[in-house]
Structure formats: C-alpha cells, structure tokens
Amino acid sequence: MTYVAEEINSQPELWRRAAAEAAANAGALPRPGERVAVVGCGTSWFMAMAYAGLREAAGQGETDAFAGSEFPIDRPYDRIIAITRSGTTTEVLDILRKAGDRSTVLVGDVDTPAVTLARDVIALPWADERSVVQTRFATSALTLLRASLGEDLAKAAADARRALDLPLPLDPATIEQVTFVGRGWTNGLAQEAALKCREAATFWTEAYPAMDFRHGPISISAPGRAVWAFGEVPAGLPEDVAATGATFVHDADLDPVAHLVVAQRFAVALAEQKGLNPDTPRHLTRSVVLS
C-alpha cells in the first residue's frame, strides 16, 4: 500500500483527535468579532477557503482566505492564520516574518522555521505525512478549525469511516474528465479534490463555484465525463448536467469533508489505473522552497 493510501485510511481517527484538541488550542485561535485572514499554498489555501467560509457563516466575523503569494500584508487584520504542513513554504514564511504578533500557524513538522516565526503555534505532528500529496494533515487541520467554531464533528468522523468503504462513484478506467463544484465553504473542497486528481494521477480536472459552473464551464461536459458536487447543489444543476450526457456525482448523506475522502481515494485509484505512484507525483516536492 502506498503512503498516501495509508494516510487516507488514518483520517477518521485523526479527525476525532483534532476535534478533541480544538479546545486546548482556543487561545491561539480567533475570538468572535476579530477580522481574520487565513493563508496557505496549494492544499493549505483550499483548507483556508473552507474555514473562512465556515467562520463567516457562523457569524464569527469577517474572514478572508488568500494564496500565500497574494496576501495583502498591510491590511489591518486582527489575526493572520497560516496553514502549512511542512513549515518551510517560502511564501508562508515571508508572511509570518511580517505578521508579527498577529500570527498563528497550524503546522505538521514542528522542527521548522514556521514554528519560530509565529506568535502562536498549533502543532499537528501526529497528522504529518510521508507522501508528497497532502490528505490527512489538511483535513485534520480543517477539522480542528471547524471544531473551534463549535461544530460537533462526531458525525464527520463517522462519515469518514464510511467513506473509506463506499464504492467509488466513477470508474477510473473509463472516465475521461471530472469537474468538481461546491458552494460557500465547500468551494474550497472542490478545488482540493481537483488538485488531488491532478497531483496524484496527472488527470484532467477543473473546479468552480457550483452556481458559476453554468456560466461557461458546463460546455466541456459530455458523455464519459463527470461533474462532482460537494455540499449544497443549486436547483436544476443535476438536470442541466444530465442533459450534457455527463455523470452527476453527489452524496447528500456524507459530511462534505468525508465526501472529499472519497475523492482522495478516487485520485489514488486513477493513479493506479495509469500505473503511476501517487507518492511521487510528477514535478512536485513536499514543500516549495524558493531561493
């Protein structure tokens, strides 16, 4: 079994631990009403998008998510949260150097520069990974952040266990292309699902806000392709997709992050179908460190 497959399978237990540790880390997380920016690169950015959407929806305060390279450091945020598995990503370290006493970092590797640069550190070494492709660190970090907003994550962890055993909704041997869509906080999950398939299997995926999908992207939908939706589905979208001949994938019974686990498994299955090792994706390393 590949490292990434093992790490995907470990998620239900790690989510329970992440939810339990949220209270212990409350002092390092935003207080209600604070103006917050959440930053990361790649997968961590997409988890930042999900948390930002959830925090605002919970009425906790204005919350923006940024790719590390695009963060406007001079904006007057009360708190800057950085998510970084490696603790070495160049763009994130640059932000932490400038953020001063406004910063909190969620990090997997605790022996890294991010730990010394941030004012507050939420360490998740038990969720760190050997695979280049991120899965469990990202979802565990998001679970801790969700729990900090007052969510009960027991169902999510139980759903993640179920997600490990569900049949894949698409056949990796025959599917040509998948577009992932989401609404609100699940737009970040859609972006992450698409990235997993590209990273692990060099597979053609795209991702869009579900309401925006009909404003152009639907034109690539066709027989042999699919549209995979997370969370709330806009009225009429399944019918519109069906009219193109594409397959529509959605599971209203699963917690959306547990549904992401199914997409992670699909990405690994795609890689195996193509004879690729998802632990060593093309052109990628565990962390992007720029000179």
Side-chain angles (χ1 to χ4, degrees), residues 18 29-30 35-57 62-73 75 77 79-99 102-109 112-114 117-118 122 124 127-129 131-146 148 180-200 205-209 212 230-231 256-257 260 263-264 267 281 283-290:
L29 290 165
R35 188 169 185 244
V36 174
V38 198
V39 299
C41 295
T43 289
S44 295
W45 175 31
F46 301 142
M47 297 302 102
M49 290 169 60
Y51 170 62
L54 284 167
R55 186 172 184 267
E56 285 211 353
E62 182 179 341
T63 315
D64 299 320
F66 295 95
S69 61
E70 304 305 310
F71 179 58
I73 191 66
R75 284 191 188 173
Y77 289 103
R79 173 87 61 165
I80 299 169
I81 298 178
I83 304 173
T84 170
R85 176 182 66 172
S86 71
T88 59
T89 303
T90 297
E91 298 97 309
V92 173
L93 296 184
D94 287 345
I95 291 168
L96 291 175
R97 290 187 184 98
K98 298 171 184 176
R102 298 181 291 164
S103 62
T104 292
V105 66
L106 281 76
V107 64
D109 188 343
T112 53
L117 291 172
I122 300 176
L124 287 75
D128 202 358
E129 296 156 324
S131 178
V132 170
V133 174
Q134 277 201 62
T135 55
R136 73 182 187 186
F137 172 77
T139 60
S140 296
L142 180 57
T143 297
L144 188 149
L145 291 168
R146 291 176 71 184
S148 75
F180 294 93
V181 298
R183 292 198 73 181
W185 74 279
T186 65
N187 185 41
L189 305 184
Q191 297 288 341
E192 170 61 5
L195 180 63
K196 289 288 87 76
C197 296
R198 293 194 293 268
E199 288 179 330
T205 58
E206 300 183 7
Y208 301 96
D212 207 57
F230 291 91
V257 188
L260 176 61
Q264 294 170 344
H283 308 316
L284 297 178
T285 57
R286 174 176 158 86
S287 174
V288 176
V289 179
L290 305 174

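Numbering starts at 1 and runs along the sequence shown.
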Interatomic distance, Asp109 atom CG to Phe137 atom CZ [nearest 0.5 angstrom] = 10.0 Å
CG/Leu195 to CZ/Phe180 distance, rounded to the nearest 0.5 angstrom?
-> 10.5 Å
Identify the two heavy atoms, one from Val133 and one from Pro281, that lie closest to each other, and give their separation to 0.1 Å.
-> CG2-CG, 3.9 Å
Tyr77 vs Asp64 side-chain heavy atoms within contact, under 4.5 Å | yes
Using the salt bridge (charged side-chain N to carboxylate O under 4.0 Å, His left out) rule, collect all pairs that involve residues 182-198, keeping only residues at least two apart or in two chains.
-> Arg183-Glu232, Glu192-Lys196, Lys196-Glu199
Can you tell me how far OG1 of Thr135 sits from CD of Gln264, rounded to the nearest 0.5 angstrom?
-> 5.0 Å
Would you please say whether a donor-acceptor pair under 3.5 Å links the side chains of Asn187 and Tyr208?
-> no
Taking Arg136 for its side chain and Glu129 for its backbone only, find out whether a donor-acceptor pair lies under 3.5 Å.
-> no
For Ala67 and Trp45, the nearest pair of non-hydrogen atoms, with its separation, is N-NE1, 3.2 Å
Thr186 meets the side-chain hydrogen bond (donor to acceptor under 3.5 Å, both in side chains) criterion, sequence neighbours left out, with none
Sequence neighbours left out, what passes side-chain hydrogen bond (donor to acceptor under 3.5 Å, both in side chains) with Gln134? Give chain and number order.
-> none
Closest approach of Ala263 to Ala193 (non-hydrogen atoms, all atoms of both residues) = CB-CB, 3.8 Å
Roughly how far, to the nearest 0.5 Å, is the OG1 atom of Thr90 from the CD1 atom of Ile95?
-> 11.0 Å
Can you tell me how far the CD1 atom of Ile122 sits from the CG atom of Leu106, to the nearest 0.5 Å?
-> 4.5 Å
Closest heavy-atom contact between Phe66 and Arg75?
-> CZ-NH1, 3.6 Å
Shortest non-hydrogen separation from Ser140 to Leu124 and the atoms involved | C-CD2, 4.1 Å
List for me each residue that meets side-chain contact (heavy atoms from CB on, under 4.5 Å) alongside Ala82, sequence neighbours excluded, and say none if there are none.
-> Val39, Val92, Leu96, Val105
Among Val38, Thr104, Leu29, which one satisfies side-chain contact (heavy atoms from CB on, under 4.5 Å) with Arg79?
-> Thr104
Heavy-atom pair of closest approach, residues Glu206 and Ala194 = O-CB, 3.8 Å
Not counting sequence neighbours, which residues clear side-chain hydrogen bond (donor to acceptor under 3.5 Å, both in side chains) with Glu62? List them please.
-> Arg35
Are a donor atom and an acceptor atom from the side chains of Arg85 and Ser44 found within less than 3.5 Å of each other?
-> no
Hey, could you give me the CG/CG distance between Leu189 and Leu142, rounded to the nearest 0.5 Å?
-> 7.0 Å
Step by step, work out the side-chain contact (heavy atoms from CB on, under 4.5 Å) result for Val257 and Phe230.
-> CA-CA 9 Å; Val257 188; Phe230 291 91; over 6 Å; no
Check whether any side-chain heavy atom of Tyr51 sits under 4.5 Å from a side-chain heavy atom of Arg146, and report yes or no.
-> no
Mind checking whether Ile81 and Pro30 have side chains closer than 4.5 Å, heavy atoms only?
-> yes
Taken in chain and number order and not counting sequence neighbours, the residues that satisfy side-chain hydrogen bond (donor to acceptor under 3.5 Å, both in side chains) with Ser148 are none
